Structure formats: C-alpha cells, structure tokens
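First the structure, in the form of structure tokens, and then the observations on it.
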2 protein chains.
Amino acid sequence: MDNVNLKKLAGELNLAVSTVSRALRDNHEISQETRDRVKALAAKLGFQPNPHASSLRQNKSRTIAVVVPEIQNNFFSQVLNGVEDVAQQKGYHVLIYLTHEDHNREKDILKVLRNGRVDGLMISVSNTTTNFDHLEAYRQTGMPLVFFDRVCEEMDVPHITTDDSKASYKATEHLLKMGCKNIAFLSLACNLSISNGRRSGYLQALAKHGLGNKMIVECGTDDEVNRQKIRKLLQSEQRPDGIFAAIEKFAVNTYEVCYELNICIPQQLKVVSFSNLAAAALFNPPLSTVIQPAYEIGKEAATILFKVVEKKMLLPNEKKVTIASQIVERKSTGRS
Amino acid sequence: MDNVNLKKLAGELNLAVSTVSRALRDNHEISQETRDRVKALAAKLGFQPNPHASSLRQNKSRTIAVVVPEIQNNFFSQVLNGVEDVAQQKGYHVLIYLTHEDHNREKDILKVLRNGRVDGLMISVSNTTTNFDHLEAYRQTGMPLVFFDRVCEEMDVPHITTDDSKASYKATEHLLKMGCKNIAFLSLACNLSISNGRRSGYLQALAKHGLGNKMIVECGTDDEVNRQKIRKLLQSEQRPDGIFAAIEKFAVNTYEVCYELNICIPQQLKVVSFSNLAAAALFNPPLSTVIQPAYEIGKEAATILFKVVEKKMLLPNEKKVTIASQIVERKSTGRS
DNA sequence: GTAAATTTCGAAAACGTTTCCGTAAAAAAC
DNA sequence: GTTTTTTACGGAAACGTTTTCGAAATTTAC
C-alpha cells in the first residue's frame with residue numbers, strides 16, 4: 001500500500017519514469033497537459049517522493065542539524081524555535097542533538113554527521129569543549145557550519161552571537177549605579193568563549209570605575225554545590241552587596257540561598273542575571289535580567305546557514321553577526 | 001576528499017564492495033583477518049557510510065520525528081530531552097517539528113513524513129486539531145505512531161500521558177482544603193482531550209464536595225486577551241477565592257493581573273497551576289504547581305516507539321501508559 | 001580416495017530517485 | 001521541399017549501500 005512510487009505512477013499513466021519525475025518537478029520539457037495528468041494522479045494516490053532516494057541521487061538532504069548543550073534551558077529552546085521557523089518555511093528538516101555539556105558526546109555527534117546526513121550544521125559548543133579538532137574535521141569535509149552563541153573564535157566560519165561582553169559591562173555598571181560597591185560574578189567554567197565575554201565585561205566595568213576588588217565564583221551544573229559556594233560567599237567577611245549571575249540557574253541558586261539565609265534582595269544584596277525567562281518578572285523580588293535575543297539568534301543563524309548551504313555569497317557583515325542583548329531592570333536591583 | 005565510500009575502500013584493499021560492506025557489519029561470512037583489515041582502513045580514512053544509500057536499501061532511516069505544538073514551553077522541552085536521551089542511546093536521530101498549535105501545519109508535517117523519512121513518529125497534537133484524518137492517514141501506511149500528553153483517544157495506538165484528571169482533582173481538592181469556596185478554572189480550548197481531563201478533574205472535585213458553582217474561563221495564546229478575561233473575572237460580583245490554571249502561562253497572567261489590581265495571593269486569592277517551571281518556587285508568592293513528569297513521558301514514549309519500530313510486542317500495560325503528576329504545595333495556596 | 005559440508009568471498013541486482021543522452025515527431029527556417 | 005530547430009518524451013546510468021545468489025577453495029566426513 002505504502003509503495004506508491006514513480007514506477008507505479010509511470011505504469012498507471014503509460015509514461016516513462018523519467019517523464020513522471022520531470023513532470024512533478026515542473027520541468028519545461030514536459031507538456032503542460034502531461035504535467036497536469038501526472039500531478040493529478042500523484043495527488044490522488046498521495047504520492048510522496050522517497051527522500052532517501054532523492055537525497056542519495058542529489059547528494060543533499062534538505063536537512064540541517066542543530067547541536068546544543070541542552071534544551072531545558074530557555075535560551076536554547078528559543079533559539080531552536082527560531083531555527084525551526086526558518087527551516088519550516090524553507091522546506092528543510094531539523095535534526096536536534098543534545099551534548100549535555102559533554103565534549104565526548106559532541107565529538108560522537110559531529111562524527112556521525114560527517115557523511116551527508118545533513119546539508120549543514122549549526123552548533124553552540126559544550127562548555128567542556130576545549131579542543132576543536134572535531135569541528136575542524138567536520139569543516140574539512142566542506143560542509144556548511146555555523147556557530148551561534150558559544151562559538152570557537154579561531155575558526156573561520158560564520159558566528160552569530162549576542163554582545164555578551166558589552167551587555168555584561170552594562171549590567172555591572174547598572175549594579176554600580178544602583179549603589180553596589182562590591183560585586184561578585186557567578187561564572188561558568190572559563191574555557192568558554194561565551195563566559196569569557198561575560199566575565200571580561202564584568203571586569204572591564206570594575207576597572208573603568210576603579211574597583212579592583214573582583215570576586216569571581218565559578219559555578220557548575222550541580223545545584224547543591226552552587227548553593228554551597230554562594231552560601232560561603234554570602235557569609236564571608238567581605239560579602240558582596242551585588243551579584244551578577246552569568247546564567248539564570250545561578251540566579252535561582254542565589255535566590256534560594258538568600259531565602260535560606262534571610263538576606264533581603266535588593267536591600268542587602270542586589271541581583272542581576274543573564275536570563276530569558278519571561279517569568280523573571282514574577283520572582284520575589286522581580287529579577288533584573290539581561291535578555292538575550294534567543295529567537296533572533298536562531299533565526300539569523302539558520303538564515304545564514306541556509307545561505308551557505310545554497311552557496312550564496314555571504315555579505316561581509318554576515319560572517320560575524322552580533323545581536324544586542326537587552327537589560328530589563330526590575331526590583332532585584334532596585335534602590336533599597 | 002569527502003567521498004570515501006565502500007568502492008574506494010574495496011579498491012584500496014583489493015576486495016569486492018560486498019565484502020567490505022559485510023566486514024564492516026561484522027558478518028560471520030568474512031574472516032576475522034579480513035574484517036580487521038577493512039575496519040582498520042575504514043577507521044584510518046574516517047569512513048562513515050552514506051545514510052541515504054543505507055536507508056534507501058534497508059527501507060529504514062534510524063530516525064524518528066517528534067511533533068510538538070511548541071518548544072518554549074518547558075513541558076515539551078523536557079519531553080524532548082527525554083526522547084533525545086533514549087534516541088541517542090539507541091543510535092537514532094531525532095527530527096523536530098513545531099506546529100505552533102496550528103492544525104494546518106500539523107497536517108502538512110504529517111503529510112511530508114508519510115514517505116519513509118522516519119521510522120516512527122511521536123506527537124502531541126495541536127489544540128486546534130479536531131479532525132484526525134491526517135493522523136489516521138499516517139497510521140494507514142503502517143508506520144509506527146505514538147501519542148503523548150495530547151492524545152487522540154479514538155485511535156488505537158500507544159498513549160503516554162499523565163493522570164491529568166486525577167491530578168486536577170487533587171489540585172482542586174487542595175484548594176478546597178485550604179479554604180476556597182469558589183474556585184475558577186482557567187481552561188484551554190475544549191477540543192483537547194488533555195484539557196478535558198483537567199477540566200473534568202476540576203468538575204469532579206467540585207461535585208464531590210457539593211459545590212455546583214463552577215466557573216470556567218477559556219483562555220488562549222494571547223496574553224493580553226487572557227489578562228482581560230482574568231481581570232474581568234476578578235472584578236466580577238462573585239469573584240473567585242481560588243484559581244486553578246490549566247497551564248503555566250495562565251498562572252503567569254493571573255499573577256500579572258493580581259499585581260495590577262493589588263490582589264493579595266494567597267490571602268485574597270489562592271492560585272495553583274499545572275507547571276513544570278523549576279523557578280515557580282521563586283515566584284512572589286511561590287506558586288503551587290502540578291508538576292507533570294515531562295522527562296519521563298518523553299523517555300517512556302520514545303522507548304515504546306522504538307519497541308514498535310523494532311516490531312517487538314508491546315505488553316498490555318504499554319499500550320496506555322499513565323505516569324503520575326505531582327502536586328507541590330507552596331505559598332500561593334497557603335492559609336492566608 | 002571421493003563426496004559433502006563449510007568457509008570465504010565476488011558479481012550483480014535492488015532500493016527510488018534524478019539526470020544524461022538519444023530520438024521520434026512537430027514546427028520553423030530557408 | 002529539404003534542413004534545422006524545437007518540443008516532448010523514453011531508456012538507461014548513476015548515487016552508495018545491502019543482500020541474494022553463486023562459486024571457488026578449504027575442510028570435514030566416510
């Protein structure tokens with residue numbers, strides 16, 4: 001029942017397989033009359049060309065892969081949303097792969113993708129990735145590759161990022177403006193270019209305002225460990241009066257510890273965080289956030305990837321795209 | 001550079017293509033010595049078999065499709081996480097499609113998938129879907145299909161859901177226990193089996209406790225419209241002292257309106273909602289939630305789908321799987 | 001010793017498309 | 001009226017893999 005294919009259509013219509021194929025693709029070598037006849041029967045029988053045969057012959061799959069560290073993270077799911085929008089509109093399919101911040105998984109995934117399964121790949125690298133050989137190997141095959149958010153600066157492929165460093169600078173400055181003298185930064189592992197940007201924005205702001213007392217706490221995936229570190233930080237001698245969280249999760253951990261220790265936000269501690277959570281406005285107190293243009297990043301990255309896939313020339317400004325993040329000031333950084 | 005294929009390997013090794021193919025698949029008809037030789041060269045050249053040729057020949061793609069209404073929604077991204085875990089472990093690939101709650105998109109997607117691109121499909125249907133012909137047509141092709149969360153009860157394919165009705169009953173009872181006399185239900189459009197479950201749980205609880213004054217408000221995707229409806233509800237004569245939101249978004253809308261109208265939660269209004277947001281604990285006040293086992297649903301649905309794909313028999317209790325939701329009581333339903 | 005079974009491999013068909021090439025018939029050019 | 005071009009289509013190769021069939025070479029059975 002399933003196997004309605006070109007041969008079947010051809011048989012039914014007394015035409016050659018090649019003619020049917022051409023008719024369906026609106027080839028001008030086929031008369032309008034025949035085209036209509038073919039299409040009518042195809043529609044009637046619900047013919048859908050076999051994508052594997054098609055891909056094999058044409059050496060393209062109309063599929064792209066998106067590789068991200070995780071998906072529960074609001075940022076990445078919004079990115080994916082943007083990607084899928086563009087892909088669906090262009091008639092492409094989207095394969096999704098999660099690395100769970102594991103370099104080895106990332107390597108395995110890249111390896112499997114190096115064989116024509118997809119026409120292109122966009123990736124936000126895992127934060128345990130320090131070696132980029134697997135990406136280089138992928139690129140060597142000539143397949144289109146685009147980085148977004150967590151990029152490998154060294155590689156000469158399109159990057160789509162947000163202005164992490166600048167946004168971070170502004171967020172830090174915002175804390176200063178609201179009266180903080182002693183700001184701690186909850187950082188991700190340092191091998192990430194992304195965290196470096198965020199960290200350097202923080203450091204730049206401190207330097208600019210003549211504050212040398214940087215406090216950087218490296219947090220990770222384990223909530224309890226994070227809380228432990230934050231607890232220690234908030235109970236220390238020179239305890240900060242402001243916290244800038246590199247990712248939302250750390251802000252959540254901060255809130256938890258503050259509840260636990262009865263530290264009032266924003267009176268005793270002001271908090272700002274990178275976050276794409278719409279519900280941040282409902283937090284107690286509402287959390288000031290640096291919102292990344294996640295959907296736009298996804299959309300832009302996909303658009304550029306498709307341009308590369310379709311071998312269109314990229315404009316110079318499409319090789320490194322930066323989309324601005326936006327600070328939303330809320331009560332967590334309000335004046336006492 | 002790219003095209004290292006069986007023929008190339010065969011040429012290099014003075015073997016037939018068929019021998020190389022078999023050697024790589026550890027066919028017992030090939031001597032251990034030859035197998036090793038072949039594998040060594042394959043590894044050296046980084047050979048990856050062309051998946052389209054493979055899929056075409058074997059008539060299977062080692063790929064499944066996941067069709068969901070949206071992905072920003074925490075629930076679905078957690079489901080996807082579960083699915084991807086199982087898939088990656090089994091060496092399958094995952095295609096993702098978003099319907100954006102649009103029945104027509106859903107139809108188009110299903111149509112394109114009806115041709116061997118995937119070995120199986122799992123779907124949570126859009127809430128604008130009332131007609132299931134497209135799903136029936138898909139099933140007719142004999143391809144494996146699994147429903148999760150938003151199911152089509154009528155179709156005889158595996159369902160993986162949570163105990164919506166029961167959880168809803170419990171949540172309503174919880175509100176009653178906390179002193180509510182007048183509970184409103186913020187509902188999704190009624191054609192969804194899912195919302196029917198949640199609604200009926202609510203109604204059952206009211207009936208059980210002899211409360212006839214049901215208040216059902218149908219909300220949708222537009223935040224402003226929702227707020228409008230909630231505003232009207234909370235300003236009405238018999239304004240409720242409890243709100244039960246069928247989805248997280250409506251709870252957010254409720255909070256927003258309460259802030260706006262200076263209605264105190266939980267003193268004046270208690271709120272509970274279906275939600276998978278970890279940060280619900282940080283809300284002001286912390287939101288009581290019905291947490292769905294999203295990750296588990298994804299994992300279970302994928303596991304069952306793979307069983308069907310691999311033509312294993314399903315146990316009777318795998319045809320309809322229900323995984324319990326869990327109520328987390330927080331301040332939003334606390335005693336004044 | 002021959003017959004039978006086993007091991008190990010090669011040739012070729014097959015999957016369903018797309019596309020290259022060829023070729024009748026019709027139309028246009030002169 | 002002949003030649004050239006155009007139109008409309010058919011035949012077959014090709015994509016890279018898997019698998020069927022077959023067949024040497026080796027081993028085992030008797």
Side-chain angles (χ1 to χ4, degrees), chain A residues 1-39 41-42 45-63 91 112-119 141, chain B residues 1-39 41-42 45-63 91 112-119 141:
Chain A
M1 274 278 37
D2 187 11
N3 49 347
V4 39
N5 50 24
L6 288 185
K7 198 192 285 186
K8 191 162 185 173
L9 290 180
E12 207 98 357
L13 292 164
N14 267 328
L15 289 172
V17 171
S18 53
T19 305
V20 176
S21 172
R22 276 184 281 239
L24 290 172
R25 322 181 97 237
D26 267 324
N27 189 305
H28 67 278
E29 286 192 0
I30 307 299
S31 71
Q32 191 59 52
E33 189 197 334
T34 309
R35 273 189 252 179
D36 292 342
R37 268 207 317 147
V38 172
K39 285 182 185 172
L41 185 66
L45 298 185
F47 169 74
Q48 289 290 118
N50 182 307
H52 304 120
S54 221
S55 297
L56 175 60
R57 183 59 230 253
Q58 303 191 101
N59 198 26
K60 50 182 148 172
S61 58
R62 294 201 77 77
T63 305
V112 171
L113 290 178
R114 215 173 18 175
N115 62 354
R117 183 178 295 273
V118 295
D119 294 341
T141 68
Chain B
M1 275 279 32
D2 190 11
N3 49 346
V4 40
N5 51 23
L6 287 186
K7 198 192 285 184
K8 191 162 185 175
L9 290 181
E12 207 97 358
L13 293 164
N14 267 327
L15 289 172
V17 171
S18 53
T19 306
V20 175
S21 173
R22 275 184 281 237
L24 290 172
R25 321 182 96 237
D26 267 323
N27 189 305
H28 67 280
E29 286 191 1
I30 306 299
S31 70
Q32 191 59 51
E33 190 197 330
T34 310
R35 273 190 252 178
D36 293 343
R37 266 206 319 146
V38 171
K39 283 182 185 171
L41 185 65
L45 299 184
F47 170 73
Q48 289 291 120
N50 183 307
H52 304 119
S54 213
S55 296
L56 174 59
R57 183 59 231 256
Q58 302 192 101
N59 198 28
K60 51 183 147 172
S61 59
R62 294 200 77 76
T63 305
V112 171
L113 290 178
R114 213 172 19 175
N115 61 356
R117 183 178 294 276
V118 295
D119 295 340
T141 68

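As the structure is a computational prediction, the values presented were derived from the model and not from experiment.
- Put simply, the side chain of Arg35(B) gets close to the backbone of Ile30(B): a donor and an acceptor are under 3.5 Å apart.
- Rounded to whole Å, the distance from CZ on Arg117(B) to P on dG16(C) is 16 Å.
- Not one side-chain nitrogen or oxygen of Ser55(B) sits closer than 4.0 Å to the OP1 or OP2 atom of dT17(D).
- What you find for Lys7(A) and Val17(A) is that their closest heavy atoms are CA-CG2, 3.9 Å.
- One can place CD of Gln58(B) at 10 Å from C1' of dT19(D), the figure rounded to the nearest angstrom.
- Within the 4.0 angstrom heavy-atom criterion, only backbone atoms of the sugar-phosphate kind lie near Thr34(A); the bases stay farther away.
- One finds the CG atom of Asn27(B) at 9.5 Å from the OG1 atom of Thr19(B) (value rounded to the nearest 0.5 Å).
- Remark: P of dT19(C) and CG of Asn59(A) are 12 Å apart, rounded to the nearest angstrom.
- Atoms CZ (Arg37(A)) and P (dA8(D)) sit 14 Å apart, rounded to a whole Å.
- Atom CZ of residue Phe47(B) and atom CG of residue Leu6(B) lie 4.0 Å apart, to the nearest 0.5 angstrom.
- Between His28(B) atom NE2 and dT6(C) atom C1' the separation is 10 Å, expressed in whole Å.
- The closest donor-acceptor contact from the side chain of Asp119(B) to the backbone of Ser61(B) lies under 3.5 Å.
- Considering CD of Glu12(B) and CG of Leu45(B), their distance stands at 6.0 Å, rounded to 0.5 Å.
- Within residues 12-22 of chain A, the residues having any heavy atom under 4.0 Å from DNA chain D are, by residue number, Asn14(A), Leu15(A), Ala16(A), Ser18(A), Thr19(A), Arg22(A).
- Between Arg35(B) and dT8(C) there is no side-chain polar atom (N or O) within less than 4.0 angstrom of OP1 or OP2.
- Look at CZ on Arg25(B): it is 17 Å from P on dC9(C), rounded to the nearest Å.
- You'll find the side chain of Asn5(A) reaches within 4.5 Å of the side chain of Lys8(A), heavy atoms only.
- Across the protein-nucleic acid pair, Asn3(B) atom CG and dC15(D) atom C1' stand 12 Å apart, rounded to whole Å.
- OP1 and OP2 of dA13(D) both lie 4.0 Å or more from every side-chain N or O belonging to Arg57(A).
- Between the CG atom of Leu9(B) and the OG atom of Ser21(B) there is a distance of 10.5 Å, given to the nearest 0.5 Å.
- DNA chain D is contacted by Phe47(B), Pro49(B), Asn50(B), Ala53(B), Ser54(B) of residues 47-54 of chain B, taking any non-hydrogen atom closer than 4.0 Å.
- Taking atom CD of residue Gln32(A) and atom P of nucleotide dT6(D), one finds them 21 Å apart after rounding to whole Å.
- Distance check: Leu15(A) CG to Thr34(A) OG1 gives 6.5 Å after rounding to the nearest 0.5 Å.
- Nearest-nucleotide mapping onto DNA chain D: of Glu29(A) and Leu56(B), the residue sitting toward the 5' end is Glu29(A).
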